[in-house]
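These numbers were taken from a predicted model, which means no experiment stands behind them.
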Amino acid sequence: MKKYIKLITLTAMTLFYSCQDFLDERQVSNLTQDYFNDENGLESLINGLYVYARVKHEWEANGARLTLAETDAYMTSAPAWARMEVGVYGNDLSNIANNMFNYLGNANASYAPMGAYPHINNCNIALDVIENIAPGVFGTNQSFANQRKAEILFLRSWAFYLVSNQLGDIPLLLTPRRQDDGIYYYPKSSMEDVYNQMITDLTFAYDNLPTSTDRGRVNKWAAGHFLAKLYLNRAQGAEFQNSSEESLRMLYKGTNANDLDNAIAISTEVINGVGGLAPDYWTLFDPAVSESNPHPEVLWAAQFDTNIGLNGRFGGNRSVNYHIGNYTEQSGVNRSMIYGRPFGTFKPTDYGYDNFKDKMHDSRYAKTFQHEYIGNMGSNTTSFRWTDATAAWWNANKPADQPEVRSGDIRIQNGRRAIIYLENDRENALDSMEVMSQPFQFMVRWVRSAATGNYYYRLFINGANLGLATQTAPYLSVKKFTDPTRGGSTDESNFNSENGTRDAILMRLAETYLIRAEAYGRRGDYASAVADINVLRQRAAFKGGENRPSSIVQWYPEANDLDNAELEAPYAALGDSYDQIMVTENHFTPGTIEANREGYIPTVSTKRDMFIHFIYNEKNREFLGEGIMWEDLHNAGILYDRVMHFNQMASNRTGLWPVAANTAGGNGQNGNGKGQMQRFHTFRPWPFNYLIQLTDQNGQPLDQTARNEYQNPGY
């Protein structure tokens with residue numbers, strides 16, 4: 001902390017650029033405090049605050065690792081991370097603690113300190129200049145000054161929110177620090193005080209921001225969305241004030257009888273003001289649309305640029321790399337711009353796939369994942385080859401319009417299907433010879449041996465055991481971040497670039513609907529809650545004439561319910577499928593077919609509790625991979641219970657999952673959890689590198705007893 005507090009105002013600031021030119025990217029060297037005291041300098045400082053919007057998508061995945069995994073539906077794909085062992089996860093020298101230190105604020109060799117508290121200090125400097133110097137237009141135009149102040153308060157609250165989600169009680173720094181006096185006395189404020197401050201600040205922002213701004217700037221609707229979420233979070237935490245579980249008690253943020261009503265009222269204003277969701281779910285993520293003409297459903301997005309030199313320390317939007325499994329191994333598919341760079345950092349859990357209960361009718365399953373890859377290597381193909389057994393099976397069972405094959409020939413042809421995926425369950429396991437004898441890689445979760453009858457979990461095309469943690473393996477990947485302009489252009493030579501250029505969605509109106517729905521339901525108004533959920537379901541339904549992915553129709557057993565015409569290429573839906581996915585109160589009413597199908601955890605037995613968990617089932621379906629679910633599950637107080645029941649790599653429970661014959665290597669499917677998650681892990685540790693720099697009011701380093709008192713329970 002000493003280093004980054006000292007550097008925060010003495011190092012050059014990087015100000016970034018957006019499509020609308022509202023932020024002017026410049027490298028400014030040898031700054032002094034006086035630079036920010038005139039109109040242009042202050043405007044530059046405020047613009048530069050928006051860099052912090054990128055923190056969830058930054059270099060080395062520091063932000064993503066803290067906000068994306070490990071949840072019920074999303075996990076880290078590398079065993080050392082995903083297994084959630086105490087040695088990795090739970091001590092001060094762990095990777096999580098190191099990421100937490102970067103999240104709080106740290107420097108590297110090339111850039112000024114970044115992270116929450118350097119950003120907060122810059123916010124405080126900007127507020128101080130507005131309020132006490134008011135240079136130029138800031139002093140002559142009160143409306144303009146209030147708008148900029150509202151932006152600053154929003155962006156400061158965003159930092160307080162992200163850090164308090166991770167750590168609970170945090171230092172609530174509200175005054176600027178311009179010089180390093182060697183005193184690093186930062187006592188923690190209660191979550192109640194932090195929320196009171198954020199709600200006060202967001203109320204000002206909501207009242208003073210315009211409804212329309214340059215792309216990338218926060219507007220009234222983003223502030224309203226954020227404010228409604230704070231009210232909901234405080235109402236959630238109020239239920240845990242007297243909990244016997246310390247980790248739940250730490251979620252208490254104060255009590256206000258009007259919080260749910262306020263969340264509903266403000267959400268309603270935002271929903272009415274924005275005017276509705278994007279008609280097609282995929283257009284939110286389709287770079288051909290989202291980068292040139294983003295829908296107003298996107299309330300706020302972190303800005304990145306095709307001029308990658310302007311992205312500073314972040315090196316571009318790194319999230320474009322994190323969600324993609326390896327699709328190149330013996331597949332006849334080379335890395336390409338359309339498919340992305342396969343870092344294999346994060347992936348869905350089995351539950352993350354299975355939570356899509358209506359794969360034939362809920363288009364979000366089709367539009368969230370990259371279900372198929374096409375061979376693109378020509379004569380340089382790396383395709384695996386037909387064996388005697390597989391060639392014989394294919395020739396005996398192939399469709400009539402397909403040619404016979406010969407043992408030794410390559411299987412995957414250029415321009416044709418190279419990989420497809422099937423997330424089936426054990427009861428619907430496919431015959432192993434059928435799976436292994438296709439002219440493509442067929443990545444099937446469960447197969448049944450044609451020879452022995454044994455069941456196998458996630459085998460590669462050569463019979464190798466992929467297991468639960470599949471970093472270097474092909475897996476059904478979230479495609480929401482795919483970026484055809486990585487490296488700054490569509491030039492295919494950029495296929496290895498890590499530098500994403502796409503904006504990263506932080507808030508969108510679909511979540512506003514679910515915030516309001518949860519508030520309605522917690523108040524007992526289930527009819528209104530269902531109406532809001534069904535707005536999302538109406539958008540999610542396949543529309544008449546819309547094509548389903550061929551691999552889904554051809555291989556998922558649910559396709560048996562489709563009309564015969566829908567089973568033929570191009571697999572177009574005959575009509576709107578909303579009737580098949582419309583939600584009713586039965587979906588969270590104990591004992592109903594719909595509730596049983598939803599698969600609630602055993603401890604959830606009342607209608608109210610089922611409703612709350614249904615909201616988060618729906619959030620996983622709507623927002624999978626978008627980086628809000630860890631925080632949302634945490635604030636709702638259900639993160640631990642859901643992770644322990646659904647995320648096998650994090651859980652230590654036994655017998656919850658089906659058993660396979662391939663149990664070797666530690667990651668095999670033996671039916672038991674692989675992790676050691678504990679309740680206190682739902683809050684993060686204060687990093688040792690942070691604690692050793694704290695002092696008392698006189699500048700004396702904290703002793704071990706004081707550090708222990710500062711540390712979160714369990715660490």
Is it the case that [X] and [Y] place a side-chain donor and acceptor less than 3.5 Å from each other?
{"X": "His613", "Y": "Arg642", "value": "yes"}
{"X": "Asp483", "Y": "Asn317", "value": "no"}
{"X": "Asn620", "Y": "Asp72", "value": "yes"}
{"X": "Arg548", "Y": "Ser363", "value": "no"}
{"X": "Asn667", "Y": "Tyr457", "value": "no"}
{"X": "Arg335", "Y": "Asn496", "value": "yes"}
{"X": "Asn617", "Y": "Glu598", "value": "yes"}
{"X": "Thr501", "Y": "Arg486", "value": "no"}
{"X": "Asn102", "Y": "Asn106", "value": "yes"}
{"X": "Asp388", "Y": "Ser407", "value": "yes"}
{"X": "Ser331", "Y": "Thr328", "value": "no"}

Flag the pair [X] / [Y] as yes when at least one side-chain heavy-atom distance between them is below 4.5 Å, and no otherwise.
{"X": "Ser449", "Y": "Tyr456", "answer": "yes"}
{"X": "Leu468", "Y": "Arg83", "answer": "no"}
{"X": "Val659", "Y": "Tyr455", "answer": "no"}
{"X": "Asp409", "Y": "Trp386", "answer": "yes"}
{"X": "Thr368", "Y": "Phe285", "answer": "no"}
{"X": "Ile410", "Y": "Phe384", "answer": "no"}
{"X": "Tyr339", "Y": "Ile374", "answer": "yes"}
{"X": "Leu68", "Y": "Met75", "answer": "no"}

Which atom names give the shortest non-hydrogen contact between [X] and [Y], and what distance separates them?
{"X": "Tyr475", "Y": "Lys347", "answer": "CE1-CB, 3.3 Å"}
{"X": "Thr67", "Y": "Trp630", "answer": "O-CB, 3.3 Å"}
{"X": "Arg54", "Y": "Phe304", "answer": "CG-CZ, 3.4 Å"}
{"X": "Thr485", "Y": "Thr490", "answer": "CG2-CG2, 3.7 Å"}
{"X": "Pro602", "Y": "His645", "answer": "CD-CE1, 3.3 Å"}
{"X": "Met649", "Y": "Ala469", "answer": "CE-CB, 3.9 Å"}

### Query
Stepwise, does the side-chain contact (heavy atoms from CB on, under 4.5 Å) test hold for His57 with Phe481?
CA-CA 11 Å; His57 305 274; Phe481 296 95; 4.0 Å; yes
Quick check against the 3.5 Å criterion: does [X] have a side-chain atom that pairs as donor or acceptor with the backbone of [Y]?
{"X": "Thr482", "Y": "Lys479", "answer": "yes"}
{"X": "Ser577", "Y": "His361", "answer": "yes"}
{"X": "Lys357", "Y": "Gly599", "answer": "no"}
{"X": "Gln648", "Y": "Asn672", "answer": "yes"}

Distance (rounded to the nearest 0.5 Å) between [X] [atom1] and [Y] [atom2]:
{"X": "Met433", "Y": "Asp431", "atom1": "CE", "atom2": "CG", "value": "7.5 Å"}
{"X": "Arg537", "Y": "Glu622", "atom1": "CZ", "atom2": "CD", "value": "10.0 Å"}
{"X": "Gln166", "Y": "Asn712", "atom1": "CD", "atom2": "CG", "value": "10.5 Å"}
{"X": "Glu434", "Y": "Thr390", "atom1": "CD", "atom2": "OG1", "value": "13.5 Å"}
{"X": "Gln471", "Y": "Thr345", "atom1": "CD", "atom2": "OG1", "value": "6.5 Å"}
{"X": "Ser290", "Y": "Trp282", "atom1": "OG", "atom2": "CH2", "value": "8.0 Å"}

Short N-O contact, [X] and [Y], less than 4.0 angstrom:
{"X": "Arg445", "Y": "Asp425", "answer": "no"}
{"X": "Glu70", "Y": "Arg65", "answer": "no"}
{"X": "Lys359", "Y": "Glu423", "answer": "no"}
{"X": "Arg621", "Y": "Glu618", "answer": "yes"}
{"X": "Lys56", "Y": "Glu631", "answer": "yes"}
{"X": "Glu498", "Y": "Arg341", "answer": "yes"}
{"X": "Lys619", "Y": "Asp632", "answer": "yes"}
{"X": "Glu58", "Y": "Arg318", "answer": "no"}
{"X": "Lys367", "Y": "Asp286", "answer": "no"}

#### Entry: Verdict with reasoning, Phe440 to Arg411, per side-chain contact (heavy atoms from CB on, under 4.5 Å)
CA-CA 6 Å; Phe440 48 81; Arg411 288 207 209 177; over 6 Å; no
For the residue pair [X] and [Y], categorise the inter-ring angle as parallel (less than 30°), tilted (30 to 60°) or perpendicular (more than 60°).
{"X": "Phe442", "Y": "Trp555", "value": "tilted"}
{"X": "Phe343", "Y": "Tyr322", "value": "tilted"}
{"X": "Phe588", "Y": "Phe614", "value": "tilted"}

### Message
Assess the residue pair Ser651 and Met677 against the criterion (side-chain contact (heavy atoms from CB on, under 4.5 Å)); give the C-alpha distance rounded to whole Å, side-chain angles, the decisive distance to 0.1 Å, and a yes or no.
### Response
CA-CA 6 Å; Ser651 177; Met677 186 180 185; over 6 Å; no
### Query
With a cut-off of 6.0 Å (strictly less than), are more than 12 heavy atoms of other residues, nucleotides or ligands near CZ of Arg416?
no
### Task
Determine whether more than 12 heavy atoms belonging to other residues, nucleotides or ligands lie under 6.0 Å from atom CD1 of Ile338.
no
Ring centers of [X], [Y] separated by less than 6.0 Å:
{"X": "Phe683", "Y": "His634", "result": "yes"}
{"X": "Phe623", "Y": "Tyr74", "result": "no"}
{"X": "Phe369", "Y": "Tyr353", "result": "yes"}
{"X": "Tyr421", "Y": "His371", "result": "no"}
{"X": "Trp686", "Y": "Tyr715", "result": "no"}

### Task
I would like to know whether Leu567 and Asn564 meet side-chain contact (heavy atoms from CB on, under 4.5 Å); could you show each step before the answer?
CA-CA 5 Å; Leu567 299 175; Asn564 287 337; 4.1 Å; yes
### Query
Does the salt bridge (Lys or Arg N to Asp or Glu O under 4.0 Å) test come out yes or no for Arg458 and Asp350, once each step is laid out?
CA-CA 11 Å; Arg458 298 200 186 280; Asp350 286 355; 2.8 Å; yes
